[in-house]
Amino acid sequence: MKSELAALITIALEKLVADGALGELPDATPQIDRPRDTSHGDLSCNIAMVLAKRAGMAPRDLATQLIAALPDNSLVDRCDVAGPGFINFFVNQSQQTDIVQTILDAGETYGRSNTGAGQPVQVEFVSANPTGPLHVGHGRGAAIGDSLSRLLEATGWAVQREFYYNDAGQQINNLALSVQARAQGKDPSHKDWPADGYQGGYIEDVAAAYIAGETVQAADREITAKADIDDLDAIRDFAVACLRREQDQDLRAFQVVFDHYFLESSLYGSGAVEHTVNALQTGGHTFEEQDALWLRTTDFGDDKNRVMRKQEGGYTYFVPDVAYHHNKWQRGFKRVINEQGADHHSTITRVRAGLQCLDVGIPEGWPEYVLHQMVTVMRDGAEVKLSKRAGSYVTLRDLIDWVGCDATRYFLVARAPTSQLTFDVDLALARSNENPVYYIQYAHARCASVLRKATETGGQHDVADGLKHLERLNEPETLALLVSLARYPEVVATAAERLEPHDVANYLRELAADFHSFYNAHKVLEGAPETTDARLALVTASRQVLASGLNLLGVSAPDSM
RNA sequence: CCGCCCGUAGCUCAGCUGGAUAGAGCACCAGGCUUCGAACCUGGGUGUCGGGAGUUCGAAUCUCUCCGGGCGGGCCA
């Protein structure tokens, strides 16, 4: 509707130019907004104010001329000049009620688009190392990354969800040593406890399982414990599998499924790390200094150069990072989005710089990043300090157990990733029924309930008939609901484009509010049959959009609660 | 010291590629079910949009600066 109106205004502008009232056409398409105040019409345009100076005309005069030049159409009932020079449009009611027909015709495809045109995009998220259970921060990443993936799918992209983890290196060594120490009966107070050991209780469980010779199965691996306390490699492999399995279970409980797991160790096994080093040296951006090999990332915007190979000969983490992203590029992903905690933001510049140094045609802004800020957990009125080593932190599993998957997902995805998030456990526990997610789900359940009731009454009501009487949908509350339903496609498109899933959460709350107001003001199953049928059509459409939107957030849409 | 993010109602947060009188939830107050689900609805807001300056028809939104908070800044990951 917006684009149709913009086209009409463009025609009016052309007419003014032809008449000599305007010098030239603006380069951009006219901007159409939805006024907050309904007395300002259904849609408005600021074009007169934008062009006033160039036209040498008062904004209101220009607006008046534009209205006069507007071609005849069935879209707009009337338009006014208001305020400093806004043109306010009052849309024909049948245009608004037609959205019900549109939604029912489109079915589940309503709101979807094809801007991605089937192109592949990889979304990497969570990517937790297998050294402990997933915590709340990972949960935020999981909620955002998965919802982002769903949004991209809804806009026509072929999404691959990838999980990358470090299964080698020092942290994993610490893990293995910690498990070994536990297997030897030591605890963190023991004098021989590993210096940077993991102290969480889960280490004991892993040690016990190892000694018992258990077999564990994770999404990307299966392993049976060797039960040999002295075989550190075996302990390491087993511990990784155990924690991978824990994370998989948490993710499954969170309704998140990955398409692909990528192991850092594979970059060494495949020779990709060596190859990357050679390629960077060939590219001419490296130099040796103080017995170390450096990459001149400052050539591409970094604020200091980075060491690739340390004095002692090992590579810094930065090298496999570059190798990994080069691998993504080689896999054909012209578009990659990395969802990470903001504590890793400093890697963005150096990874991009490293990829530029490879000189293999990777665009400068590749890959894209979505960073989420920290999650603070409040409990008993105080902040819970997160400490992985000490093992004292709130896990994703804790949250799911306490408030449920739906509420946890909604809460973690409903706010802008850039804003720090306070998760008040007490509030979620004590008032779980007042969590916003129930408000939206309740609207959906109400839809289902009314439709159920309509069917039970013996079929004298029928949605198809309602579509012939959409003009009955003319009360203020009803029209407000129609407007919200009509907004859905642009909400999805914008959220996907801006990589901001929380737009959908906000929209759904507004849609649910409009539905509840409508529901409360008008009895669907009472009154004239034509009116009831029309309202049933509206309820059917509402239910569908609510379910569709909730699905984008990975939240269920129950028929009853 | 440098970089990124944030600062909006008592609390938690939307709104930020400039639009009209800055919004929602929670909390609090007053109403609304013999009728489709009251997990709902209706009404109730004295906010220096952290402070200041600039840009312009117009700034919570863009620029600069200062203040406050978070996170980074290692031949750790």
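The structure presented is a predicted model; accordingly, all values stated were derived computationally and were not measured. Here is how names work: the chains are called A, B, and so on, in the same order as the sequence lines, proteins then strands, and each is numbered from 1.
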Could Glu490(A) and Lys2(A) be called an ion pair, given the rule that one side-chain N must be under 4.0 Å from one carboxylate O?
yes
U55(B) and U61(B): how far apart are their C1' atoms, nearest whole angstrom?
13 Å
In the strands shown, is A24(B) matched to any nucleotide by a Watson-Crick or G-U wobble pair with both distances under 3.5 Å, and which?
U12(B)
So does Arg140(A) pair up with Glu339(A), basic N to acidic O under 4.0 Å?
no
Should Gln199(A) and Ser178(A) count as side-chain neighbours, where that means a heavy-atom distance under 4.5 Å?
no
The side chain of Gln420(A) lies closest to which of these nucleotides: C41(B), G70(B), G37(B)?
G70(B)
Which one, A20(B), C13(B), A77(B), comes nearest to the side chain of Arg415(A)?
C13(B)
Closest approach to the side chain of Arg446(A), judged atom by atom: which nucleotide of G70(B), C75(B), G37(B) is it?
G37(B)
Rounded to whole angstrom, note down the C1' distance from U12(B) over to G7(B).
14 Å
Taking the minimum atom-to-atom distance to the side chain of Asn506(A), which one of A14(B), A77(B), C36(B) wins?
A14(B)
Name the nucleic acid region contacted by Asn88(A), choosing base, sugar-phosphate or nothing; use a 4.0 angstrom heavy-atom cut-off, strictly under.
base
Find the distance between CG (Leu499(A)) and OH (Tyr369(A)) and round it off to the nearest 0.5 Å.
14.0 Å
Would you classify Leu421(A) as touching base, sugar-phosphate or nothing, given that sugar-phosphate means primed atoms plus P, OP1 and OP2, and contacts are heavy atoms under 4.0 Å?
sugar-phosphate
Ile348(A) vs Asn338(A), test: side-chain contact (heavy atoms from CB on, under 4.5 Å). Steps then yes/no.
CA-CA 10 Å; Ile348(A) 296 176; Asn338(A) 292 339; over 6 Å; no
Return yes if the base of C75(B) and the side-chain atoms of Gln290(A) contain a donor-acceptor N/O pair under 3.5 Å, otherwise no.
yes
Starting at atom NZ of Lys523(A), determine the distance to atom C1' of U35(B), rounded to an integer number of angstrom.
6 Å
Where the side chain of Thr316(A) is defined as all heavy atoms beyond and including C-beta, which of C75(B), A20(B), A14(B) is the nearest nucleotide?
C75(B)
Closest to the side chain of Met561(A), out of C40(B), A20(B), A39(B), is A39(B)
Tell me whether His502(A) and A14(B) count as stacked here, given that the ring centres must be under 5.5 Å apart and the planes must differ by less than 30 degrees.
no
Answer for the Watson-Crick or wobble partner of G43(B), both distances under 3.5 Å, is C29(B)
Phe86(A)-G19(B) aromatic stacking (under 5.5 Å, under 30°)
no
For G19(B), the Watson-Crick or wobble partner whose two distances fall under 3.5 Å:
C57(B)
Minimum-distance nucleotide (side-chain atoms of Thr418(A) versus U35(B), C6(B), A77(B))
C6(B)
Distance, C1' atom - from G69(B) to G54(B), rounded to whole angstrom:
26 Å
Counting heavy atoms from C-beta on, name the nucleotide in C13(B), C36(B), A20(B) closest to the side chain of Lys453(A).
C36(B)
Where the side chain of Asp343(A) is concerned, which of C71(B), U12(B), U35(B) is the nearest nucleotide?
C71(B)
Once you apply a heavy-atom cut-off of 4.0 Å, does Asp37(A) come out as touching a base, just sugar-phosphate, or nothing?
base
If the plane angle is over 60° it's perpendicular, under 30° parallel, otherwise tilted; pick one for Phe515(A) and Phe518(A).
tilted
Check: G37(B) base within 3.5 Å donor-acceptor of Ser449(A) side chain:
yes
Distance between P atoms of G19(B) and U63(B) (Å, rounded)
14 Å
Heavy atoms under 4.0 Å, any strand shown: does His372(A) hit a base, just sugar-phosphate, or nothing?
nothing
Salt bridge Asp559(A)-Arg543(A), side-chain N to carboxylate O under 4.0 Å
yes
G74(B) -> Watson-Crick or G-U wobble partner, both distances under 3.5 Å, gives none
Identify whether the distance between the nearest side-chain nitrogen and carboxylate oxygen of Arg535(A) and Glu475(A) falls below 4.0 Å.
yes
Which letter, B, S or -, goes with each nucleotide of nucleotides 55-64 of chain B from 5' to 3', with contact meaning a protein heavy atom under 4.0 Å?
--B-------
Among Leu479(A), Leu485(A), Val483(A), exactly one meets side-chain contact (heavy atoms from CB on, under 4.5 Å) together with Leu481(A). Which residue is that?
Leu485(A)
Counter-base of G68(B), judged by Watson-Crick or G-U geometry with both distances under 3.5 Å
C6(B)
Name the closest nucleotide to the Tyr442(A) side chain, picking from A14(B), C40(B), C76(B).
C40(B)
